[in-house]
**Q** 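Quick one: structure below, then a few questions.
As the structure is a computational prediction, the values presented were derived from the model and not from experiment. Whatever order the structure lists ligands and atoms in, that order sets their numbers, starting from 1.
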Amino acid sequence: MGVNIAGRSFLKLLDYTTEEIEYLLELSANFKSMKRAGVPHKYLEGKNIVLLFEKTSTRTRCAFEVGALDLGMGVTYLDPGSSQMGKKESIEDTARVLGRMYDGIEYRGFEQAKVEELAAKAGVPVWNGLTTEFHPTQVLADILTIREEFGEIKGRKLTFFGKAAGNVADSLMVICAKLGINYCSCGPIGGNSEGATSYDPELLAECSRIAAEHGSTITITEDIEEGARDADVIYTDVWVGMGQPAELWESRIKLMSPYRVTAEVMSMAKPEAIFLHCLPSFHDTNTTVGAEIAEKFGVTEMEVTDEVFESDKSRVFQEAENRMHTIKAVTYATLK
Ligand code: CP
C-alpha cells in the first residue's frame with residue numbers, strides 16, 4: 001500500500017517514517033516541476049487554511065500563502081496584532097474556533113507543547129511553522145535542496161556550524177538520521193548554557209539510534225577540521241534565535257566566532273560541498289540588527305562571511321524557494 005498521510009498533522013519529523021518523508025520529498029519535487037512548467041495544480045479548490053503567527057516571518061508565511069493559492073485554497077493570515085489571539089483569547093480557544101471554519105491550521109510560536117496541544121484540539125491538520133524546539137518544514141526544504149544537488153543523499157555528510165542545537169539544528173539531526181545522512185554538529189559544547197550548545201540527551205540518543213538503523217552516524221564535535229572534513233553540506237544559522245534576548249549577542253559572538261563559516265572552512269570540506277542557511281542571515285551590515293552589532297561589537301559578518309554567502313557554493317536562495325514547494329507538498333498530502 002502507498003503512503004497516505006491525509007488527515008495527519010505535521011508537528012515534528014520524529015512523528016514521520018522514512019518512507020513518509022521520502023514521499024513528501026518526491027511530491028515536493030513534482031510540485032516544483034509543475035510550477036516551473038506552468039502546469040496548474042488547483043487540487044484543493046474549496047478548502048481554506050489559516051496561518052497563526054506569534055512571531056515574524058518572511059519565507060514560512062509566503063510559502064504557506066503561495067502554496068495554498070497554487071492549490072486553489074483560500075488563506076487567512078492572523079498575527080497577534082490583528083486578532084484576539086493571545087490577548088483576549090488563548091491560542092487553544094482560537095484553534096478550536098478556527099478548526100470549525102478552516103480545513104487546516106499553521107502555527108508559528110513558542111513551545112512545541114503548544115502546537116501539539118493545538119493539533120490535539122483543533123480537529124483538523126495542524127502544521128508547525130516553527131516552535132522553540134523544532135522547524136520541520138524548514139529541513140524538508142533543506143533536504144530537497146541537497147537532493148537536487150547530489151541526487152543520492154544517503155551516506156552524505158551534513159555539518160551544522162555554530163549554535164549547533166536549536167529548532168533548525170535539532171530538526172536537521174532528526175531528518176538526517178531518518179534518511180541515512182551522516183549528521184555532524186560543530187560548535188562550542190556545554191559550559192555556559194547562555195552561549196554554548198547544550199544538547200537534549202534524550203533527543204541525541206534517539207537520533208543516534210535512528211541513524212544507526214539507517215547506516216549513518218551522529219557526531220558532536222568542537223573541532224572545526226573534524227566538522228568540515230569530507231562534508232558535502234556546510235550549514236549554519238544565526239547565533240541568537242527569534243524571540244531570544246538581544247543581551248545574548250555579546251557572549252554568543254565571543255563563543256561562536258571561531259565557528260563562523262568562512263572560505264577556509266569551505267575549503268576543508270569536499271570540493272563539491274555546498275553551503276546552506278535557513279535565513280535570514282547576518283552576512284553583512286545591511287540590516288538594522290547587523291548595523292547595530294557592527295557598531296556595538298565591531299563585527300561586520302556573523303555566522304557566515306559575505307564571501308561564502310555570495311559564493312558559487314551557496315544554495316541559500318534555491319533553499320528558500322524550496323520552502324514553498326515542500327510546504328505545498330505537506331499541506332496537499334495532509335488535506336487531500
Ligand atoms: N527560515 C525561516 O523560517 O524564515 P522566516 O522566519 O522568514 O519564515
Side-chain angles (χ1 to χ4, degrees), residues 10-13 24 28 32 49-69 75-82 104-112 114-115 126-146 148 158 160-176 233-244 246 261 274-284 286-290 302-304 308-309 314-331:
F10 190 74
L11 307 177
K12 58 186 185 300
L13 272 319
L24 286 171
S28 306
K32 186 167 182 174
I49 66 168
V50 61
L51 314 179
L52 306 183
F53 278 79
E54 292 201 287
K55 290 178 176 174
T56 53
S57 169
T58 297
R59 278 145 291 273
T60 309
R61 174 186 173 178
C62 295
F64 270 99
E65 290 206 17
V66 175
L69 295 171
V75 54
T76 305
Y77 171 74
L78 280 187
D79 67 66
S82 60
I105 300 173
E106 183 274 356
Y107 173 77
R108 166 172 287 200
F110 297 89
E111 303 88 358
Q112 179 72 16
K114 185 148 273 178
V115 79
V126 171
W127 309 294
N128 178 357
L130 179 145
T131 59
T132 304
E133 289 89 341
F134 293 114
H135 198 1
T137 63
Q138 174 65 52
V139 301
L140 211 50
D142 301 337
I143 301 295
L144 180 64
T145 312
I146 297 167
E148 288 171 343
L158 182 151
F160 191 107
F161 270 81
K163 186 82 182 78
N167 49 18
V168 173
D170 288 349
S171 300
L172 277 170
M173 182 164 68
V174 174
I175 201 166
C176 285
V233 182
I234 301 286
Y235 199 117
T236 192
D237 190 6
V238 293
W239 293 335
V240 175
M242 220 184 289
Q244 293 187 309
V261 178
I274 58 169
F275 171 72
L276 296 182
H277 190 308
C278 52
L279 305 183
S281 162
F282 295 121
H283 59 96
D284 58 24
N286 296 334
T287 60
T288 314
V289 175
M302 282 190 274
E303 72 279 1
V304 57
V308 171
F309 188 89
S314 177
R315 299 288 180 275
V316 296
F317 296 109
Q318 178 184 336
E319 181 186 8
E321 178 193 329
N322 285 341
R323 297 296 310 285
M324 179 184 63
H325 306 299
T326 45
I327 281 174
K328 188 188 289 178
V330 169
T331 51

**Q** Distance to 0.1 Å, residue and atom name: give those for the protein heavy atom nearest to atom 2 (C) of ligand 1.
**A** R323 NH1, 3.3 Å

**Q** Quick check: does any side chain N or O of T76 sit under 3.5 Å from a backbone N or O of V50, one acting as donor and the other as acceptor?
**A** no

**Q** Among all residues two or more places apart in sequence or in another chain, which pass the side chain to side chain contact (heavy atoms under 4.5 Å, CB included) test with N167?
**A** L130, H135

**Q** Less than 3.5 Å between some nitrogen or oxygen of C278 and one of ligand 1, yes or no?
**A** yes

**Q** Any non-hydrogen side-chain atom of V168 less than 4.5 Å from a side-chain atom of L172?
**A** yes

**Q** Is there a side-chain contact between P136 and W127 (heavy atoms, below 4.5 Å)?
**A** no

**Q** Given that the side chain starts at C-beta and the backbone is N, CA, C, O, which of these parts of R61 lies under 4.0 Å from ligand 1, counting heavy atoms, or is it both or neither?
**A** neither

**Q** Identify, for atom 4 (O) of ligand 1, the protein heavy atom at the shortest distance, and state residue, atom and that distance.
**A** R59 NE, 2.9 Å

**Q** Please list all pairs passing the salt bridge (Lys or Arg N to Asp or Glu O under 4.0 Å) test where one or both residues lie in residues 317-330, with sequence neighbours left out.
**A** R36-E321, D70-K328

**Q** Assess, by modelled atom type and distance only, whether the side chains of N322 and K32 contain a donor and an acceptor separated by less than 3.5 Å.
**A** yes

**Q** With a cut-off of 4.0 Å, which atoms of ligand 1 are near a heavy atom of T58?
**A** 5 (P), 7 (O), 8 (O)

**Q** Does any part of the side chain of V115, heavy atoms only, come nearer than 4.5 Å to the side chain of F134, both counted from C-beta?
**A** no

**Q** May I ask you to identify, for L130, whether its side chain, its backbone, both or neither come under 4.0 Å of ligand 1 on a heavy-atom basis?
**A** neither

**Q** With a cut-off of 4.0 Å, which atoms of ligand 1 are near a heavy atom of H135?
**A** 2 (C), 3 (O)

**Q** Near L279, which atoms of ligand 1 are under 4.0 Å from a heavy atom of that residue?
**A** 1 (N), 2 (C), 4 (O)

**Q** Strictly under 4.0 Å, does any heavy atom of R108 approach an atom of ligand 1?
**A** yes

